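No experiment lies behind these values; they were computed from the predicted model shown. Residues: numbered from 1 along the sequence shown.
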Amino acid sequence: MVNIGYARVSTIEQDTILQIKALKEFGCDIIYEDKISGTKIDRPELSKALSYLREGDTLIVWKLDRLGRSIKHLIEIVNNLENRKISFKSLTENIDTTTSSGKFIFHLFGALAQFEKDLIQERTKAGLKAARDQGRIGGRPVVMTDKKLKKAKEHLKNGLNVREAAARIKVSATTLYKALNIKKSYM
């Protein structure tokens, strides 16, 4: 069983001295260190640390936000570790998945993250419904009117190509193509 530490700061100008010191004091045998924004998907040293870990090992971070880009990402990483029978510890938040209470707290975070996601979806749906009820419809404004389509068809009959006809009625060629295809199916 090996204690693997992971430290991260967001920029090259910052240093990981405090994190490294805490990880060494805790007894980490190996410490991986990234100097990259936590929002980046590709964090090379984190990838190395995750690849190095074996069953029975423990991944240790100074603070939760050093590991995950978001709560959802953090939960994915820890669940992956758990599936591989690898423990996780966060020194600052005192989370330790080798204990029942540590697992409970961590899974509580997961439940809260899912709850937040569900709330956002509900609010979005309610907001869209309220807008529709007030007569507002989302999306881009309609640029192709029946009048413009009729004029475009005249231009096409007079020998213009679709791109030229679209330019004359001030719409994109793609918009005109779509309108012509839709109207063809009804003719």
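Partners of I17 according to the side chain to side chain contact (heavy atoms under 4.5 Å, CB included) rule, which considers only residues two or more places apart in sequence or in another chain, are D15. In this view, Q121 and K117, D118 satisfy the side chain to side chain contact (heavy atoms under 4.5 Å, CB included) rule, not counting sequence neighbours. Applying the side chain to side chain contact (heavy atoms under 4.5 Å, CB included) rule to A7 yields the partners T16, Q19, I20, L23; only residues at least two apart in sequence or on another chain are considered. For N80, the side chain to side chain contact (heavy atoms under 4.5 Å, CB included) partners are R84, not counting sequence neighbours.
In this structure, V143 and K170 have side chains that are not in contact, with every pair of non-hydrogen atoms separated by 4.5 Å or more. T92 is not listed as a side-chain neighbour of L64, based on a closest heavy-atom distance of 4.5 Å or more. Contact annotation: the side chain of I31 never approaches that of I60 to less than 4.5 Å [non-hydrogen atoms, C-beta and beyond]. Within the 4.5 Å cutoff, the side chain of R54 has no heavy atoms near those of the V2 side chain. Counting heavy atoms from C-beta on, the side chains of T98 and K89 come closer than 4.5 Å.
Expressed to the nearest 0.5 Å, how far CG of L50 lies from CG of L59 amounts to 6.5 Å. We find the NE2-CD1 distance between H73 and I75 to be 11.5 Å, quoted to the nearest 0.5 Å. From I169, atom CD1 reaches atom NZ of K150 across 13.5 Å, with rounding to the nearest 0.5 Å. Atom-to-atom distance recorded for Y32:OH and L53:CG is 7.5 Å, nearest 0.5 angstrom. Rounded to the nearest 0.5 angstrom, S47 OG and D34 CG are separated by 8.0 Å. How far CD of E55 is from OG of S87: 10.0 Å, rounded to the nearest 0.5 Å.
Note: the hydrophobic cluster containing I86 does not contain L91 (ILVMFWY, side chain heavy atoms under 4.5 Å, direct or indirect links).
Of all heavy-atom pairs spanning L156 and A165, the tightest one is CD2-CB, 4.0 Å. Among all heavy-atom pairs drawn from Y52 and D57, the shortest one is O-OD2, 4.3 Å. Closest approach of T58 to F88, counting heavy atoms only: CG2-N, 4.2 Å. The minimum heavy-atom distance between L176 and A166, with the atom names listed, is CD2-N, 3.7 Å. Between R8 and S37, the closest heavy-atom pair is NH1-C, 3.8 Å. Contact between L67 and R43 at its shortest, heavy atoms only, is O-NH2, 2.7 Å.
At distances below 3.5 Å, not a single donor-acceptor pair connects side-chain atoms of E164 with backbone N or O atoms of L160. With hydrogens and angles ignored, the 3.5 Å screen pairs no side-chain donor or acceptor of R136 with any backbone N or O of D133.
A salt bridge links E45 with K48: the closest approach of a Lys/Arg side-chain nitrogen to an acidic carboxylate oxygen falls below 4.0 angstrom. Residues K21 and E25 are paired through a salt bridge, judged by an N-O separation under 4.0 Å between the basic side chain and the carboxylate. The pair E154-K157 does not count as a salt bridge, with every side-chain nitrogen at least 4.0 angstrom from each carboxylate oxygen.
Atom CD of E116 sits in a sparse spot, with 12 or fewer heavy atoms from other residues, nucleotides or ligands closer than 6.0 Å. More than 12 heavy atoms of other shown residues, nucleotides or ligands fall within 6.0 angstrom of atom NZ in K35.
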Walk me through it: do V9 and E33 pass the test side-chain contact (heavy atoms from CB on, under 4.5 Å)? CA-CA 8 Å; V9 290; E33 175 183 358; 5.9 Å; no
Hey, can you pull the donor-acceptor pairs under 3.5 Å for the side chains in residues 100-111, sequence neighbours left out?
none

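Hydrophobic cluster of L18: the remaining members, joined at side-chain heavy-atom separations below 4.5 Å, are W62, listed by chain and number.
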